[in-house]
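Heads up, the thing below is written out as structure tokens.
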Amino acid sequence: MNTIRYTNQKKRWEVILRYFIYPIICILIVEIIAMLSVIDHLTLKQIILYAMPKMLEYIVPSVISLTFWYGGNRVISIEYDYDNKVLSLWHYNWLFCRREKHIFLKDLSYRIYHIRAPFLLHRVTLIQINDKKSKRTLIFASGLGWKRKQVDEIADKLKEIKEPIICL
């Protein structure tokens, strides 16, 4: 049986911890930027009583969207079986329960993006894997235990298996 297999070495509690640390960092960065922009006009008491509730309506949606940005990184393991032409993915769902997904080669489509992470500005390789049959998408990227080099290797192996969808 000829296969390729990559595994995230992080345990569930480590993935959960890293998953929630990023939104906390985002909140702190946005709060610091907002506080610095109004600090010379308001006292600390006025900021807490008046400015903070007004800023929350801008901060909460952005932090939630950034949380879901990194929320796709919960892939535990990825394996491709050359004999059966099946891509198998093990991942945590939104409740952090283990799930398994098998995608046949004919139903597989994927995209590879090289982007900069918001606020942290480090380069991230992001792979969006689509299952055409069940119309499901699984996204994972370097982070939450996956190293950028490892995700780049997975992207190269996927290119050998099937060409990605080119997006502009």
Side-chain angles (χ1 to χ4, degrees), residues 1-27 29-30 58-168:
M1 190 158 127
N2 191 7
T3 62
I4 58 168
R5 183 177 177 119
Y6 291 93
T7 304
N8 185 346
Q9 300 299 320
K10 300 296 179 195
K11 294 178 177 55
R12 181 186 301 187
W13 68 270
E14 290 176 294
V15 171
I16 293 171
L17 180 68
R18 288 172 184 240
Y19 183 71
F20 288 109
I21 282 178
Y22 185 77
I24 291 168
I25 291 171
C26 290
I27 289 173
I29 290 172
V30 170
Y58 300 105
I59 294 167
V60 170
S62 64
V63 169
I64 289 173
S65 64
L66 289 170
T67 301
F68 288 119
W69 172 283
Y70 282 93
N73 296 353
R74 299 175 301 217
V75 174
I76 303 166
S77 182
I78 183 169
E79 178 180 321
Y80 182 73
D81 183 4
Y82 285 100
D83 298 335
N84 297 325
K85 296 186 176 20
V86 176
L87 182 72
S88 302
L89 296 159
W90 290 268
H91 63 94
Y92 295 123
N93 66 2
W94 62 282
L95 293 173
F96 289 96
C97 299
R98 281 184 97 143
R99 296 287 182 243
E100 186 175 342
K101 182 147 191 68
H102 300 287
I103 305 171
F104 291 98
L105 184 63
K106 63 180 175 150
D107 299 327
L108 174 69
S109 68
Y110 67 96
R111 292 182 170 98
I112 299 171
Y113 302 98
H114 298 287
I115 54 177
R116 296 268 174 204
F119 295 127
L120 302 178
L121 300 176
H122 66 279
R123 185 177 156 261
V124 175
T125 301
L126 184 124
I127 303 173
Q128 176 185 354
I129 299 174
N130 300 317
D131 183 0
K132 294 178 195 173
K133 184 177 181 183
S134 65
K135 296 187 171 109
R136 299 282 182 213
T137 301
L138 225 151
I139 300 171
F140 76 100
S142 50
L144 297 181
W146 290 98
K147 294 183 172 70
R148 184 175 59 207
K149 182 180 176 185
Q150 193 175 24
V151 175
D152 287 338
E153 285 179 24
I154 293 169
D156 292 338
K157 293 290 183 181
L158 285 173
K159 285 178 186 176
E160 292 174 11
I161 296 166
K162 189 174 186 175
E163 283 300 311
I165 296 173
I166 298 172
C167 23
L168 301 174

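Atoms NZ and CG, on K157 and D152 in that order, are 13.5 Å from each other to the nearest 0.5 Å. Atom CG of residue L108 and atom NZ of residue K162 lie 5.5 Å apart, to the nearest 0.5 angstrom. For the atom pair D156 CG and I161 CD1, the distance stands at 11.0 Å (nearest 0.5 Å). Rounded to the nearest 0.5 angstrom, I4 CD1 and L87 CG are separated by 8.0 Å. Note: H114 NE2 to I127 CD1 = 8.5 Å, rounded to the nearest 0.5 Å. Taken to the nearest 0.5 Å, the SG atom of C97 stands 10.0 Å off from the OH atom of Y92.
By the ring pair (Phe, Tyr, Trp, His ring centres under 6.0 Å) test, F104 pairs with no residue at all, sequence neighbours left out. A search for salt bridge (Lys or Arg N to Asp or Glu O under 4.0 Å) contacts involving K101 returns D131, not counting sequence neighbours. Under the salt bridge (Lys or Arg N to Asp or Glu O under 4.0 Å) criterion, D107 pairs with no residue at all, not counting sequence neighbours. Listed by chain and number, the residues in a side-chain contact (heavy atoms from CB on, under 4.5 Å) with H102 are V86, S88, E100 (sequence neighbours excluded). When the side-chain hydrogen bond (donor to acceptor under 3.5 Å, both in side chains) test is applied to E160, no partner is found at least two apart in sequence or on another chain.
Counting only distance, with no hydrogens or angles, the side chain of D81 and the backbone of D83 share a donor-acceptor pair below 3.5 Å.
Shown here for Y80 and K85, the closest heavy-atom pair between the two residues is OH-CA, 3.4 Å. When all heavy atoms of V75 and H91 are compared, the closest pair comes out as CA-CB, 3.9 Å.
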Check: What's the verdict on side chain to side chain contact (heavy atoms under 4.5 Å, CB included) for N130 and K132, showing C-alpha distance, side-chain angles and the deciding distance?
Finding: CA-CA 6 Å; N130 300 317; K132 294 178 195 173; 5.5 Å; no
